[in-house]
Number of protein chains: 2
Amino acid sequence: MKKQAKISNAVIKRLPRYRRYLKELRKKGVDKISSNEFSTLIGYTASQIRQDLNNFGGFGQQGYGYSVDGLYHEISAILGLDKQYKMVVVGAGNLGQAIVNHTYYYKSGFIVSAIFEVNPKLIGLRINDIEVMDYENIVEYVEENEIDIGIICTTMDAAQEVADKLCFAGVKGLWNFAPVDIETPGHVAIENVHLTDSLYSLAYHINGAQEHNKK
Amino acid sequence: MKKQAKISNAVIKRLPRYRRYLKELRKKGVDKISSNEFSTLIGYTASQIRQDLNNFGGFGQQGYGYSVDGLYHEISAILGLDKQYKMVVVGAGNLGQAIVNHTYYYKSGFIVSAIFEVNPKLIGLRINDIEVMDYENIVEYVEENEIDIGIICTTMDAAQEVADKLCFAGVKGLWNFAPVDIETPGHVAIENVHLTDSLYSLAYHINGAQEHNKK
DNA sequence: TAGATTGTTAATCGATTAACAATC
DNA sequence: TAGATTGTTAATCGATTAACAATC
């Protein structure tokens with residue numbers, strides 16, 4: 001088995017977008033699409049689309065294009081969306097609750113199996129029919145239930161310690177919403193979502209662009 | 001006034017991170033920092049730090065380094081965080097509510113002044129002391145109150161129409177959480193936050209990397 | 001002044017785009 | 001077969017890193 005060259009993160013970050021557009025096309029009953037047609041729709045160059053897809057294999061057919069349904073399933077498989085993931089949320093605040101609901105609605109393969117909290121007033125409650133458990137028991141739970149993903153919705157201060165515990169307990173990935181950059185051992189994937197940073201870059205674009213001239 | 005070269009989005013996206021680290025340093029009472037020390041801390045090369053900052057002006061002092069407090073304020077100003085922003089949230093579901101709370105806690109300059117909904121059961125309620133209003137009245141409200149930012153927490157189907165209305169009513173930027181790519185006229189800034197895409201790229205990193213060999 | 005560290009130019013690296021041969 | 005469109009190599013572009021002169 002030939003070792004494949006590492007695929008750049010820029011490519012990976014485009015895959016979910018390809019998939020979204022393919023899903024829509026599929027819903028509309030479109031059978032095939034050429035890289036040129038796809039380019040017009042999605043806003044990447046046709047060249048980039050072909051390059052991106054060819055990182056994973058030749059999914060198209062010369063003279064014809066790409067099968068919408070076929071490509072949709074290929075990309076889903078590449079992303080690992082043909083598998084199931086067991087997740088725990090840490091922090092039952094507003095954001096934690098929203099994530100529970102959000103994923104509940106949209107992501108069939110991503111199952112939130114428990115929520116962990118330190119606040120005794122919240123422990124024992126059910127959010128979206130998922131139990132809020134005592135943070136004390138998190139390691140035991142994650143180990144026993146073979147949890148894949150930990151979702152960190154804690155304060156900034158607690159985040160790294162929570163991450164360390166989750167990694168120790170054996171999760172394969174962390175989805176971090178706390179406003180710090182979480183560090184994980186090399187074998188644990190990490191996706192930092194910095195909502196505040198996102199809002200700040202929006203603020204820049206609203207008014208910053210023309211005001212900061214050098215000299 | 002010399003026209004400045006356009007600053008790449010890669011640079012802009014790093015600014016909030018610089019600011020976060022500077023804020024921490026400031027809290028710890030650190031007065032000055034060299035690009036080398038900052039590099040160790042933040043994980044960018046010293047060269048990149050100096051390049052990034054010099055897009056906006058010479059904030060450092062040769063032989064000394066950068067003033068933590070000074071740089072913190074400079075970056076804040078570049079991002080436009082010395083200004084206030086009036087915002088409306090569209091969609092009072094879980095995500096909308098979480099955003100209201102989230103920004104309420106963290107962002108002093110970003111004020112949510114109303115939430116808009118189509119569901120009559122929610123209209124009239126108060127979330128975090130902010131009124132939930134009828135979506136029917138959104139254009140009038142945004143115009144009269146000179147709202148700067150619209151936050152879209154609707155379904156995929158409604159998102160673009162909501163965006164169009166907000167742009168028509170005069171917002172300067174949109175923060176979109178619906179899982180579609182929103183289009184705006186050139187003068188309206190747009191920041192798409194695709195949480196689902198983020199989760200999917202995490203899934204890829206959990207298991208995808210080694211399984212998709214070509215041929 | 002000597003040492004340190006920036007600001008800035010030059011070199012390198014990586015990602016995107018263009019071109020075209022392969023092939024359906 | 002001829003036309004279309006991919007897969008892939010080559011060219012370009014932009015972003016990052018290295019090097020060093022300027023200067024505090």
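Here is the naming used below: chain letters follow the sequence lines, and residue numbers restart at 1 for every chain.
Screening Val171(A), Val89(A), Leu95(A), Leu166(A) against Ile151(A) for a side chain to side chain contact (heavy atoms under 4.5 Å, CB included) leaves a single residue, Val89(A).
Each of dG7(C), dA19(C), dT17(C) was ranked by its minimum atom distance to the side chain of Gln48(A); first place goes to dT17(C). You'll find that the side chain of Ser34(A) is closest to dT6(D), out of dG7(C), dT5(C), dT6(D). Nearest to the side chain of Arg14(B), among dT16(C), dC20(C), dT16(D), sits dT16(D).
Within 4.0 Å of Tyr44(B), counting heavy atoms only, lies no atom of the nucleic acid at all.
Around the CD atom of Glu143(A), the shell of radius 6.0 Å holds more than 12 heavy atoms that belong to other residues, nucleotides or ligands.
The nearest whole Å value for the distance from the CD1 atom in Ile49(A) to the P atom in dA15(C) is 18 Å. The CG atom of Asp52(B) sits 14 Å away from the P atom of dT8(C) (whole-angstrom rounding). When rounded to the nearest whole Å, the span between CG of Leu53(B) and C1' of dT8(C) equals 14 Å. Distance, Asn36(A) CG to dA19(C) P: 14 Å, rounded to whole Å. Straight-line distance from the CD1 atom of Ile7(A) to the P atom of dA15(C): 12 Å, rounded to whole Å. Separating the CZ atom of Phe56(B) from the P atom of dT8(C) is a distance of 14 Å, rounded to the nearest angstrom. Atom pair Asn54(A):CG and dT17(C):C1' shows a separation of 15 Å (rounding to whole Å applied). Here dA15(D) presents its C1' atom at 14 Å from NZ of Lys6(B), a figure rounded to the nearest Å.
Pairing for dT8(D) is with dA19(C), a Watson-Crick or G-U wobble pair whose two hydrogen-bonding atom distances lie under 3.5 Å. Using Watson-Crick or G-U wobble geometry with both donor-acceptor distances under 3.5 Å, dG14(C) finds its partner in dC13(D). Nucleotide dC24(D) forms a Watson-Crick or G-U wobble pair with dG3(C), both donor-acceptor distances falling under 3.5 Å.
Both Ala10(A) and Ile33(B) sit near DNA chain C, but only Ile33(B) has its closest nucleotide nearer the 5' end.
In this structure, Ser67(A) has no side-chain hydrogen bond (donor to acceptor under 3.5 Å, both in side chains) partners at least two apart in sequence or on a different chain.
Side-chain atoms of Gln160(B) never come within 3.5 Å of backbone atoms of Ile182(B) as a donor-acceptor pair (strictly under, hydrogens ignored).
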Subject >> Intermediate values then yes/no, side-chain contact (heavy atoms from CB on, under 4.5 Å), Tyr44(B) and Tyr18(B) >> reply: CA-CA 10 Å; Tyr44(B) 303 143; Tyr18(B) 286 124; 3.6 Å; yes
**OP:** Test Leu79(B) against Arg19(B) for side-chain contact (heavy atoms from CB on, under 4.5 Å), laying out the working first.
**Re:** CA-CA 10 Å; Leu79(B) 288 169; Arg19(B) 187 173 174 277; 4.1 Å; yes
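Using a 4.0 Å cut-off on heavy atoms, the residues of residues 61-68 of chain B that approach DNA chain C are Gln61(B), Gln62(B), Gly63(B), Tyr64(B), Gly65(B), Tyr66(B), listed by number.
The pair Asp148(B)-Lys83(B) does not meet the salt-bridge criterion, since no charged nitrogen lies less than 4.0 angstrom from a carboxylate oxygen.
In terms of polar N and O atoms assigned as donor or acceptor, the side chain of Ser47(B) comes within less than 3.5 Å of the base of dA18(D) in a complementary pairing. For Gln51(B) against dT9(C), a side-chain-to-base donor-acceptor contact under 3.5 Å is present.
Note: Tyr85(B) and Phe110(B) have parallel aromatic rings, judged against thresholds of 30 and 60 degrees for the angle between ring planes.
Taking only side-chain nitrogens and oxygens, Ser35(B) never comes nearer than 4.0 Å to OP1 or OP2 of dT5(C).
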